[in-house]
Amino acid sequence: MKTRIGGLLAALCLSTLAPSTHATSPEPAAHTAPALSPAQTAHLAALQARARAASLATQPMWRALLHYQVHPLTRVDRSLADDADFFLAPQGHRNAQAELDATLAAFFDPTPRHALSQPAACRFIARYRWLAQQLSFDPALLPEPVCERHDTWRAGLQADKVSLIFPSAYLNSPASMYGHTFLRLDPDTGGRPGAPMLSYAINYAANADESDGLAYALKGLTGLYAGQFTNAPYYLRLREYNDLENRDIWEYELALSREEIDRLLDHTWELGPTRFDYFFFDENCSYHLLALLEAARPDARLTERFTWWAIPVDTVRAVAQTPGWLRAVRYRPANSTELRHRARLLGPEAAGMARQLADSSVPATAVRESALPAPQQALVLETAERLVAYEATRHPRPDDVVQAQRMSLLMQRAQLPAGSPVNVPRPTDEPTTGHATARIDVMTGQRNGRGWLSFAVRPAYHDLLDPEAGYQSGSAIQFFQLELSREGSGPLRFERLTPVEITSLSAREPLLKAHSWRVGMHIQRSRFADADARRPVGGQVQGGPGAAWDLGEPGQAMAYVFLDNHLSWDRSLARKPWAAGTGIAAGLLAQMGPQVRVQAEAYRRVYLAGQPGEHGASLQARWHPDRQWALTVQASHAWREDAPTGARVLAVGVQRHW
C-alpha cells in the first residue's frame, strides 16, 4: 500500500458492488497437482528456463498482468492485488519470477479448482495466451485449454470497440465529487448508428455505503473497502450517472486494435473475482482502470504517472494526451443540462409556464389557450413532460400518477405540428482541455502593514477563480491545500491547512429548483492577534445553504448569498477559545473578458455566549494568460469587535497548475 494522505472527506469516485472476501498476505490453497509425464516435466523445465533467459518476469506485460508497482517510499516491488486467489506462488505478490514459474507449472494441471471451477489456464487466460506467444508451448505436451465459461462470456460482450467513459463531477455525493471513469464495450456496426445503451460497461469500484458517515470516510482512506471489477449493461450506468445524478457524460473512443481489445478483455476476465484494497486517493476507480488499459498496451505505463493521488479527470487526460490512444470524443448531456438549455430557448415567461405545468398548478390545456406561437407551445409542453420525468427520479411519486401527468402533456403536444428536435450544443471545451488539478501559489504583499510572503500547494482541484473551461460552472473543490507564510523578517511558518472546501453555485431559474451551498474545514492561524500580538493556530468549520442568480448571460456574472454558519476554536479570543455563530455572506463572481475572473464578497457574523461579532470584505482578481499560469491580486479586511486594528491583507501573486 502506498503512503496515504489523511482527512475526513476524501472520496474521489465510488459505487456499490457485491461484497468479496478480504484476504491479506496472500497464500494459495493447498492442492496436490497430478503427476507429470517425464516429457511434460522436461518441457516445463525448458519453458521456465527460457522464460528466465528472456527475463519475461521483468517485462511490462507480465508486470501489468500482476499489477506490480514499486512503492514510492520503500522502493519495494509488489502487486497491488490483495487477493490470495490471484497468485499461484506463495510469494507471488512480491516475487514476479516465482509467480511466473508457478504459473507455467499450473498450466499443466487441468483440474478445475480455481474461481468458477476453472483450470489455471482458463482462470488466468491472459497470462496463458501471452506466455504461449512468448514461449511457443508444445501443443502435444501442453494442449490449449477449452475455456467454455470464458468463451461464452466473451461472445456475449460483442466488443469490437472500447470507449473510456467520464461522468463529470457530482458535488452532492462525496463519492463522486471528482467524477468517475469506466469502460464501455461496443460492437462493430459497420458504420451504421449503434445502440450504445445495449453495450456492456466495465467498472471498478468499492463495496461501500455512503450513509456510514464518518466510518465511510475513514475506511476509504485506510483501504478497508474491497474493490473489484464488474461488467454490466451500459444503460444501468447511464441511468445512475446521467439520469439520477444528472452528470454530463463524456465518451472517449479508444484507438485499440483487435489484439489489444482481446488482451484487455482476457485480463478483465482474470480480474473478475479479484479483490483490491480500495483507497480514495490513489488506488481508486480511475487508477485501476488505467492498470487495466495497460494490459492492452503495457508499454504505455499510464499508472506510473500517478504516485500519490489519481483524480479521474487527470487519468482521462493522461490517456487523451498520449499519442495514438484516442479515436473520437462524444458528449452526452445530463437531463438537467438539457432542461437548462430548453429554459434558455423558452425565455423566463414560457419556462415559468412549463414549471407550472409540471407542478400541476395549471392544466395542460392552458398552453393551447395562451398567446404563444405554435412552436413555442410545443416546446413548453415537451419541456414540461421532461421536467415531470426528471423530478420523478429525484422525488419519487406513484408511477400511475407520474404517467398520467406525462400522458396529459403528450396528448396536448400531439395536437400541434411536428417541430425540430432540441439538441444540446456540445461545450466548447471538454474536460481534458482544462487546467491541471494540482497548483502551487506564491504571494507577496503586506499583512497588517508588515511585509508578507506566502507559499501554498494544492493537490486538487479547482476554485471559483480558476478557468472554468472543462470544469463544472460554479463549482469549486479544494482539497488539502497547505499554506506557509512569513511576516516581516520572521521565519517561514505554518499558516493554513484546508482539508476540504467545497462551493456549489447554481443559478436560480424559472424551470429548475437549483440549490447552492458551501462548506469548509480549516486548520489555521487566527487572522486576529491576541493580547501578546501573536496569531495562534486554531481551527474552524463553516458553511451553509445559499442561492445564486445570473446577472445577464449565464457564466458572465453571478450574484450569490449564503447563510454563513461558523464554529471555531480561536485562542486569540479574550474570553474563551470556542465560538459558534451565524451570519450572512454575499458576493459577486464575474468573468471580465476571456482571461480575467473577479470575485468580491462581504460578510457579517454574530456569535453566541457574548463572543465578539465579526465582519469583513474581500476582493480578488485573477488573470490567466493560459490555462496553467495565473496572476492574482487580492485585498481583504476583517474586523472583530474586540480587535482594535482588524486584519488587513494586500497581495499579488503567481499560480501554476501542474
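Here, residue 1 is the first one in the sequence, and each next residue gets the next number.
To the nearest 0.5 Å, atom CZ of residue Arg344 and atom CG of residue Leu339 are 11.0 Å apart. Residue Tyr200 holds its OH atom at 8.0 Å from OH of Tyr235, rounded to the nearest 0.5 Å. For the atom pair Asp277 CG and Leu80 CG, the distance stands at 9.5 Å (nearest 0.5 Å). Considering CG of Leu198 and OH of Tyr234, their distance stands at 12.0 Å, rounded to 0.5 Å. Atoms CG and CG, on Leu293 and Leu183 in that order, are 5.5 Å from each other to the nearest 0.5 Å. With rounding to the nearest 0.5 Å, the separation of NZ in Lys161 from CG in Leu256 is 12.5 Å.
Residues passing the salt bridge (charged side-chain N to carboxylate O under 4.0 Å, His left out) test with Glu385, sequence neighbours excluded: Arg406. Take Asp550 and apply the side-chain hydrogen bond (donor to acceptor under 3.5 Å, both in side chains) test, not counting sequence neighbours, and it matches no residue. With sequence neighbours excluded, the residues that form a side-chain hydrogen bond (donor to acceptor under 3.5 Å, both in side chains) with Glu259 are Arg263. The ring pair (Phe, Tyr, Trp, His ring centres under 6.0 Å) search around Tyr461 returns Tyr178, Tyr471, not counting sequence neighbours. Contacts of Arg627 classified as side-chain hydrogen bond (donor to acceptor under 3.5 Å, both in side chains), with partners at least two apart in sequence or in another chain: Asp429. With sequence neighbours excluded, the residues that form a side-chain hydrogen bond (donor to acceptor under 3.5 Å, both in side chains) with Asp186 are Arg184, Ser199.
Ser168 and Arg247 share no donor-acceptor pair across their side chains, judged by distance under 3.5 Å alone. When only modelled atom types and interatomic distance are considered, His657 and His624 share no side-chain donor-acceptor pair under 3.5 Å. Under the 3.5 Å distance criterion, with hydrogens and angles disregarded, no donor-acceptor pair is assigned to the side chains of Tyr68 and Asp77. Between the side chains of Tyr128 and Glu270, no donor N or O sits under 3.5 Å from an acceptor N or O. Between the side chains of Tyr252 and Glu430, a donor-acceptor pair is found at a separation under 3.5 Å.
Ring pair His267/His67 is parallel by interplanar angle, where below 30° counts as parallel and above 60° as perpendicular. Under the 30°/60° scheme for interplanar angles, the aromatic rings of His114 and Phe124 are found to stand perpendicular. Ring pair Trp269/Trp153 is tilted by interplanar angle, where 30° to 60° counts as tilted.
No side-chain heavy atom of Val313 sits under 4.5 Å from any side-chain heavy atom of Thr432. Within the 4.5 Å cutoff, the side chain of Arg123 has heavy atoms near those of the Pro273 side chain. Looking only at side-chain heavy atoms (C-beta outward), His435 and His462 come within less than 4.5 Å of each other. In this structure, Thr303 and Thr315 have side chains that are not in contact, with every pair of non-hydrogen atoms separated by 4.5 Å or more. Using a 4.5 Å cut-off on side-chain heavy atoms (C-beta onward), Tyr390 and Ser336 make contact. Taking the side chain as every heavy atom from C-beta outward, Pro196 and Arg332 approach each other to under 4.5 Å. No side-chain heavy atom of Leu254 sits under 4.5 Å from any side-chain heavy atom of Glu260. Between Val162 and Ile202 there is no side-chain heavy-atom pair separated by less than 4.5 Å.
With hydrogens and angles disregarded, no donor-acceptor distance shorter than 3.5 Å links the side chain of Asp463 to the backbone of Ala476. For the pair Glu294 (side chain) and Ala300 (backbone), a donor-acceptor distance under 3.5 Å is absent. Between the side chain of Asn284 and the backbone N or O of Ala310 there is at least one donor-acceptor pair closer than 3.5 Å. Checking side-chain atoms of Arg275 against main-chain N and O of Gln228 turns up no donor-acceptor pair under 3.5 Å. Of the possible donor and acceptor atoms, none in the side chain of Arg508 sits under 3.5 Å from a partner among the backbone N and O of Lys513. A donor-acceptor pair under 3.5 Å links the side-chain atoms of Arg305 to the main chain of Ala318, judged by distance alone. Side chain of Ser163 to main chain of Ile165: no donor-acceptor pair is present (N/O by atom type, distance under 3.5 Å, no hydrogens or angles). Of the possible polar contacts, none joining the Glu338 side chain to the Asn335 backbone as a donor-acceptor pair under 3.5 Å is found. For the pair Trp62 (side chain) and Leu131 (backbone), a donor-acceptor distance under 3.5 Å is absent.
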Trace of the salt bridge (charged side-chain N to carboxylate O under 4.0 Å, His left out) decision for Asp314 with Arg317: CA-CA 5 Å; Asp314 286 338; Arg317 187 180 290 114; 2.6 Å; yes
Test log, rule side chain to side chain donor-acceptor pair (under 3.5 Å), inputs His341 and Asn423: CA-CA 9 Å; His341 178 64; Asn423 295 314; over 6 Å; no
Asp441 and Arg458: CA distance, side-chain angles, deciding distance, salt bridge (charged side-chain N to carboxylate O under 4.0 Å, His left out) verdict: CA-CA 8 Å; Asp441 299 12; Arg458 183 192 73 189; over 6 Å; no
Working for salt bridge (charged side-chain N to carboxylate O under 4.0 Å, His left out), residues Glu253 and Arg327: CA-CA 5 Å; Glu253 184 181 340; Arg327 181 173 290 144; 3.4 Å; yes
Salt bridge (charged side-chain N to carboxylate O under 4.0 Å, His left out) evaluation trace for Asp299 with Arg301: CA-CA 5 Å; Asp299 291 333; Arg301 302 177 185 265; 5.2 Å; no
Residues Tyr287, Tyr204; criterion ring-ring contact (aromatic ring centres under 6.0 Å, His included); working and verdict: CA-CA 9 Å; Tyr287 180 88; Tyr204 174 81; 9.4 Å; no
Verdict with supporting geometry, Thr181 and Leu164, side-chain contact (heavy atoms from CB on, under 4.5 Å): CA-CA 7 Å; Thr181 57; Leu164 176 60; 4.2 Å; yes
Stepwise side-chain contact (heavy atoms from CB on, under 4.5 Å) check, His150 with Cys122: CA-CA 7 Å; His150 168 270; Cys122 295; 5.7 Å; no
Residue pair Val329, Arg426: steps toward the side-chain contact (heavy atoms from CB on, under 4.5 Å) verdict: CA-CA 11 Å; Val329 180; Arg426 171 177 158 167; 3.9 Å; yes
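Within 6.0 Å of CH2 in Trp623 there are 12 or fewer heavy atoms belonging to other residues, nucleotides or ligands.
Here the closest non-hydrogen pair linking Ala295 and Leu65 is CB-CD2, 4.4 Å. Smallest separation of non-hydrogen atoms from Phe166 and Gly179: CE1-CA, 4.1 Å.
With Asp466 as reference, Arg439 is the one residue of Arg439, Arg597, Gln655 to meet the side-chain hydrogen bond (donor to acceptor under 3.5 Å, both in side chains) rule.
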